[in-house]
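A short write-up of the structure that comes next.
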Amino acid sequence: MKNIPIGQVLVESGYITPKQLDMALAEQQKSEEKLKLGDTLLKMGLVSETQLAHALSARLKVPFVDLSTTKVEIEAVKKIPEAVAKKNTVVAFKIQNGRLYVATNDPVNFFIFEELKITTGMEIHAVLATRSAIIETINKAYSANTVSTVMDDIAKQYDENGEQAAEEESDERVDNAPIVKLVNTIIDRAFHSDASDIHIEPFKDRTRIRFRIDGELVEQNMSVKPSVHNSLITRIKILGGMNIAEKRIPLDGRFGVVIDNVKQDMRVSTIPTVYGEKCVIRLLATGDEKARKITDLGMTDYNYEMFKQIIRCPHGVMLVTGPTGSGKSTTLYATLGELSKPNVNIVTVEDPVEKKIDGVNQCQMNEKAGLTFAAALRSILRQDPDIVMVGEIRDGETADIAIRAAITGHLVLSTLHTNDAASTILRLVDMGVAPYMVASSLIGVIAQRLVKVLCPSCKETITLTEPADLRLVGVDKPVKVCKAHYGGCRECHNTGYKGRTAIHEIIVSTNDIKELISQNATAETIGKQATKNGTKLLRENVAEMVLAGKTTLDELVKATYTV
């Protein structure tokens with residue numbers, strides 16, 4: 001079977017159809033990335049990593065190992081340096097009869113195994129595993145080893161010096177190697193877990209560390225003693241350029257790190273609590289990535305057509321609304337990516353600048369120096385801009401200047417915190433902007449939420465029969481949907497979900513909507529008219545996803561349920 005093409009093996013195994021194989025081959029030919037056929041199939045979502053690995057195993061006659069159910073021996077892991085393991089995507093998991101068993105996703109790369117043979121001084125036995133399983137095992141095995149070593153070092157130090165020594169040391173500059181290693185390990189583990197935030201929380205008998213992954217807080221198995229907490233926070237403050245002597249008031253800071261050759265920006269916030277300072281570190285997207293397209297963020301083709309109507313307008317205000325953490329900034333950046341051209345002057349006013357975009361002039365707020373949104377916006381209008389992006393409309397003054405900028409021929413993009421698209425209009429009026437000004441300047445509103453996407457490898461099919469549940473998804477007879485399966489799946493870290501996507505509710509400001517705004521109509525009246533004009537509500541969008549088996553009823557309720 002060794003000489004049979006991998007595509008044919010996948011067809012014979014029943015993983016793909018001949019038609020899907022032809023589609024993948026055509027995509028591979030026209031792609032500029034020059035991917036292997038297997039990687040192309042993965043990118044197109046036609047096979048899973050496990051299916052591809054089984055097919056490769058059959059073709060190359062190399063045994064397949066499921067690392068999620070295999071016991072990983074730490075002694076074996078230590079044989080290969082972490083840098084070498086990460087560079088070559090390999091992990092050692094067993095020593096048997098003097099041979100080192102190594103999992104790889106590229107078993108025909110003999111150069112790697114010769115290098116490992118020299119590095120370890122042992123015979124290498126290669127087995128096949130999925131790339132994601134190897135990376136996860138590397139991160140867990142090496143970080144667990146690092147955490148335990150660091151904790152042992154810290155325990156020794158504090159056992160010898162006592163708690164008071166910890167306090168004194170935190171008032172110095174914490175040039176304390178174990179603490180430095182601990183902070184680096186926490187950040188490294190958060191990065192590899194695709195976490196958006198790190199929460200470091202002090203309690204009476206411990207410090208709890210949690211990561212926000214796909215919108216949910218997940219507690220980490222890292223036991224930090226209370227006596228170490230001050231040193232840990234001080235180290236983070238030093239990195240963030242914050243005042244280490246000030247512990248009574250909230251502080252903010254920022255720093256950057258490089259992990260696996262990726263530059264990662266961190267935003268730090270501390271607040272005083274009963275048992276010490278709580279610290280939250282947000283992992284920000286970096287300028288090293290290109291701004292993603294709006295369609296990559298989950299916008300449906302139907303909504304994208306409405307969105308294009310809005311951004312075609314040469315002047316006016318477009319608002320993106322939703323609660324904190326609903327992806328508003330990401331949507332604005334994607335919009336700027338669509339609008340950015342060499343002949344267009346785009347200026348942004350942000351607090352903070354979360355992502356640097358090539359070709360866009362980005363201005364960072366500094367309220368202490370008097371550079372507020374309103375002050376910056378006034379100055380920007382003297383800079384001959386075509387498009388202005390305001391990070392957030394926080395007060396009536398900023399709203400008024402933004403509206404006037406739109407009326408005088410600029411395209412203004414901004415965000416607001418409201419629950420749906422229709423109530424955004426009333427919020428502007430409540431801020432003191434005259435209804436006729438809102439009507440003449442507003443070109444569209446996009447309300448959005450983030451919902452978790454079901455893991456394709458382990459989701460389960462159920463039948464909805466309860467009348468209340470059927471009403472939520474907009475059907476009147478029993479229907480098959482999917483639910484999350486918790487536990488036993490490596491692809492989704494046993495959560496049942498893998499990633500998040502955005503749902504959108506878009507109101508295009510047509511003449512009848514403008515007339516209602518001028519008449520000071522209620523949000524309900526504006527919403528009904530928008531629905532007649534073709535707006536799909538947030539609940540309709542997520543209901544479509546539930547019926548398509550992409551997300552669950554629980555996510556629909558969490559994102560859109562109202563009394």
Please determine if [X] and [Y] form a salt bridge, counting it only when a charged side-chain N lies under 4.0 Å from a carboxylate O.
X	Y	value
Arg131	Glu49	no
Arg206	Glu219	yes
Lys79	Glu75	no
Glu505	Arg539	no
Arg282	Asp197	yes
Glu114	Lys117	no
Asp265	Lys263	yes

Legend entry - For Asn105, side-chain hydrogen bond (donor to acceptor under 3.5 Å, both in side chains) partners two or more places apart: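 None.
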Could you check whether [Y] and [X], counting side-chain N and O atoms only, form a donor-acceptor pair closer than 3.5 Å?
X	Y	value
Thr50	Thr130	no
Asp188	Thr185	no
Gln362	Glu350	yes
Gln448	Thr321	no

Inset, instruction - Mind telling me whether Tyr101 and Phe93 have parallel, tilted or perpendicular rings, with 30° and 60° as the class edges? - result: perpendicular
Legend entry - Sequence neighbours excluded, every pair satisfying ring-ring contact (aromatic ring centres under 6.0 Å, His included) that has a member inside residues 203-238: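 Those involving residues 203-238 do not exist here.
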Legend entry - ring-ring contact (aromatic ring centres under 6.0 Å, His included) against His417, all qualifying residues, sequence neighbours excluded: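 His417: no ring-ring contact (aromatic ring centres under 6.0 Å, His included) contacts found.
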Inset, instruction - Measure the CG-CD distance between Leu371 and Gln364 for me, rounded to the nearest 0.5 Å. - result: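 CD of Gln364 is found 8.5 Å from CG of Leu371.
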Legend entry - Test side-chain contact (heavy atoms from CB on, under 4.5 Å) applied to Thr234 and Leu232, Ile236, Ile238, the passing residue: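 Passing option: Ile238.
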Inset, instruction - Can you spot which of Leu450, Thr300, Thr560, Thr551 makes a side-chain contact (heavy atoms from CB on, under 4.5 Å) with Ile503? - result: Thr560
Legend entry - Candidate pair Tyr497 and Thr552, rule side chain to side chain donor-acceptor pair (under 3.5 Å), full reasoning: CA-CA 10 Å; Tyr497 296 95; Thr552 61; 2.9 Å; yes
